[in-house]
There are 2 protein chains.
Amino acid sequence: MGAWGDGTVTDGAVTILARGEGLAAWRQIADGLSADIEAGRLAAGSQLPTEAALAARYGVNRHTVRRALAALAERGLVRATQGRGTFVETPRLAYPIGRRTRFSEIVSRAGREAWGDLIGTETVPADPATAEALGIAPGDPMLELQTVHRADGTPLSTARTCLPLPRFAGLDQAYAALGSLTGAYAEYGVADYTRLSTRIGARPASADEGARLDLAPGRVLIVITSVNVDAAGVPIQATRSLFAADRVELVVEG
Amino acid sequence: MGAWGDGTVTDGAVTILARGEGLAAWRQIADGLSADIEAGRLAAGSQLPTEAALAARYGVNRHTVRRALAALAERGLVRATQGRGTFVETPRLAYPIGRRTRFSEIVSRAGREAWGDLIGTETVPADPATAEALGIAPGDPMLELQTVHRADGTPLSTARTCLPLPRFAGLDQAYAALGSLTGAYAEYGVADYTRLSTRIGARPASADEGARLDLAPGRVLIVITSVNVDAAGVPIQATRSLFAADRVELVVEG
DNA sequence: ATCAATTTGTACGTATGTATC
DNA sequence: AGATACATACGTACAAATTGA
C-alpha cells in the first residue's frame with residue numbers, strides 16, 4: 001500500500017524535516033515523536049502509526065524511521081512487537097526511596113489510588129540472615145507478612161515483611177483491618193520509623209512472582225531489601241520488595 | 001549407584017538433622033548451606049554437591065534437598081542449571097549510590113582493580129530531554145562519551161555520559177589519558193561535583209549492550225539515569241549507566 | 001555427528017503430623 | 001470428635017539440558 005496510485009492516502013500531512021543542516025533526520029523524528037508522547041498527543045498504550053506510515057509522513061525511508069523508533073525504545077518510551085506494531089509505553093510511576101518511604105503517600109501523591117493486600121501471614125523461625133538484620137537470634141519466631149501493593153488496581157509490587165515477635169504479635173490483624181502498615185505500627189506504639197539500609201538489585205520474575213504481579217514470568221523485577229528501625233534505632237522490620245520494573249522507576253531522594 | 005553393595009561410598013559423613021522438633025528439615029539444610037557459603041567454606045563459583053549427594057549426606061529424600069536449594073536460589077545465593085549442577089553465585093559488588101558516587105573509589109575500596117575504558121566519543125546535538133537536564137537549549141552541541149567500567153577485568157557497567165559544550169571541549173582526551181572522569185574534570189576546574197538526581201529502572205539487555213558487558217542478551221540491566229552538578233549547582237553531566245544486575249547490587253547511602 | 005552418562009526439572013503417587021473449621 | 005486443608009517428607013519415573021567420549 002503506497003501513498004499514490006492505489007487509492008490509499010496517508011493519515012496526515014507530510015511533516016517537513018530540516019535536511020542537510022547537521023541534524024540527522026532520525027533525530028528530528030525521534031525528538032518530534034518523543035515530544036508528542038510527553039505532551040500526551042500520543043496517549044499511553046496507543047499504537048503508533050506503522051513504520052511505513054511514518055516514513056510516508058516524514059518523507060523518509062523506513063530505515064530512517066526505524067532508527068528513530070529504536071532510539072525511543074532504548075529510552076523506554078515505546079515498545080515494538082513484531083507483527084503487532086509499536087506502542088507507547090505507560091509512564092512508570094516515580095517511586096521515591098529514602099529514609100521515610102511510605103507506599104500509600106507516594107501513590108496518592110501521584111494521583112492514584114493506593115491499595116495494599118495482605119495475602120498471607122505466617123509465624124516462622126528466623127533464618128540466620130534475617131535474624132541478624134532484625135537483631136534477634138536465629139530460630140527465634142518472627143511474623144512474616146506477604147503483601148501486594150496496587151495503584152489503581154494494577155499491582156506495582158509484592159513484599160515479604162518480617163517483624164520480630166513477640167513485640168508485634170497480632171500486628172497482621174491490625175494491618176488487615178487498616179490496610180496500612182504505618183497505621184498498624186501506630187497501634188503498637190511505633191509512631192515513626194525510618195529506613196536503616198536499602199539494597200537494590202534486579203532479576204527476572206519466577207512463575208509465581210509473575211502471577212502475583214500480573215506479569216509474564218521472565219519479566220524484570222527490581223528487588224529492594226531494606227531494614228527499618230523505630231525512633232530508638234531498634235529494627236522493627238526486614239523487607240524484601242519486588243517491583244515490576246515495567247511499571248515503576250525508583251527515585252533516590254537527594 | 002547406591003551407598004551399599006557396589007563399592008561406592010558417600011563423599012562425607014552423614015550430617016545429623018534435628019527431626020520432629022518443629023524445624024523443617026529443608027530449613028536446616030538451607031541454613032547449613034547458606035552458613036557454609038557465607039563463611040567461605042563453599043567458595044564463590046564452586047559447584048555444590050549434586051542433589052543426590054546432598055540427599056545422601058543429610059539422610060533425606062532428594063525432594064527435601066530441592067526445597068532447600070530453592071530457598072537459597074530465591075535469596076540469590078546459588079544458581080541451578082539443568083544438566084550442569086548447582087553453583088555458588090559470586091557475591092555482587094555493593095555499589096553505593098548517593099550524592100558523591102565515584103566509581104574508582106567504590107571498586108578499589110572493595111579490593112578490586114578499577115578500570116574505565118573510553119570506547120567512543122561523539123559531538124551530537126542535544127535531544128530535548130537531555131538538554132533540559134543539562135540546562136541547555138535543544139540542539140545545542142554536547143559531548144557524548146561511551147564508557148565501560150571494569151573491576152578486575154569483568155565489566156560491571158557501561159555508561160553514556162553527556163557534557164555541555166563548549167565548556168568541556170576536549171575533555172574526552174583528558175579522560176582517555178587519565179582513565180578517570182574525576183581527574184578529567186579537575187583539569188577543567190571542576191574540583192568537586194555532586195549528584196542532583198538519580199532514577200533507577202531495570203530491563204533486559206539488548207544484543208549489543210550484552211556484548212559490551214560480556215553478558216548474554218536478555219540478562220537483566222539496572223538502568224541509572226542521573227544528573228551531576230558542580231559546586232555552584234550548574235549541571236555538568238547527564239549520565240545513563242547500565243549495570244549488569246548479576247554482578248552489582250546498589251546500596252542507597254543513608 | 002552420535003551416543004551415553006550425569007544432573008537438574010517435572011510429574012505422578014503415598015503417608016503423616018498439625019492446624020483449622 | 002470428626003472432617004478438612006495444608007505443609008512436610010519420601011518414593012519412583014521420566015523429560016530435558018549439558019558434557020565428554
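Heavy atoms of other residues, nucleotides or ligands lying less than 6.0 angstrom from CD of A/E132 number 12 at most.
Going from atom CZ of B/R79 over to atom P of C/dG9 covers 12 Å, rounded to whole Å. Rounded to an integer number of Å, the gap from A/E122 CD to D/dC6 P is 13 Å. Taking atom CG of B/L69 as the reference point, atom P of C/dT10 lies 14 Å away to the nearest angstrom. B/R67 has its CZ atom 17 Å from the C1' atom of C/dT8, to the nearest Å. For B/E51 and D/dA9, the CD to C1' distance is 15 Å, given to the nearest whole Å. Note: CD1 (B/I29) to C1' (D/dT8) measures 12 Å, nearest angstrom.
Heavy atoms only, all atoms of each residue included: B/L54 and B/P49 are closest at CD1-O, 3.7 Å.
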Q: Quick one, give me the B/S/- string for nucleotides 13-21 of chain D, reading 5' to 3', where B means a protein heavy atom under 4.0 Å from the base and S means that only happens at the primed atoms, P, OP1 or OP2.
A: B-BBBBS--

(Q) Counting primed atoms plus P, OP1 and OP2 as sugar-phosphate and everything else as base, spell out the protein contacts along nucleotides 16-21 of chain C at 4.0 Å heavy-atom distance: B, S or - for each nucleotide, 5' to 3'. (A) ------

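In this structure, A/F168 and A/Y185 have perpendicular ring planes: the angle between them is above 60°, well past the 30° mark.
Here B/D214 does not pair with B/R247 in a salt bridge; the nearest charged N to carboxylate O distance is not below 4.0 Å. A salt bridge links A/R150 with A/D117: at least one charged nitrogen is closer than 4.0 Å to a carboxylate oxygen.
Residues meeting the salt bridge (Lys or Arg N to Asp or Glu O under 4.0 Å) test with B/E74, sequence neighbours left out: A/R240.
Contact annotation: B/T86 side-chain N/O to C/dT7 OP1/OP2 distance is not under 4.0 Å. The shortest distance between the side-chain N/O atoms of B/N61 and the OP1/OP2 oxygens of D/dG11 is below 4.0 Å.
Note that CH2 of A/W26 and CG of A/L72 are 9.5 Å apart. Values are rounded to the nearest 0.5 Å.
Here the side chains of A/R219 and A/D246 are in contact, with some heavy-atom distance below 4.5 Å.
A cation-pi arrangement is present between B/R84 and B/F87, with the terminal nitrogen or guanidinium carbon under 6.0 Å from the aromatic centre and inside a 45° cone about the axis.
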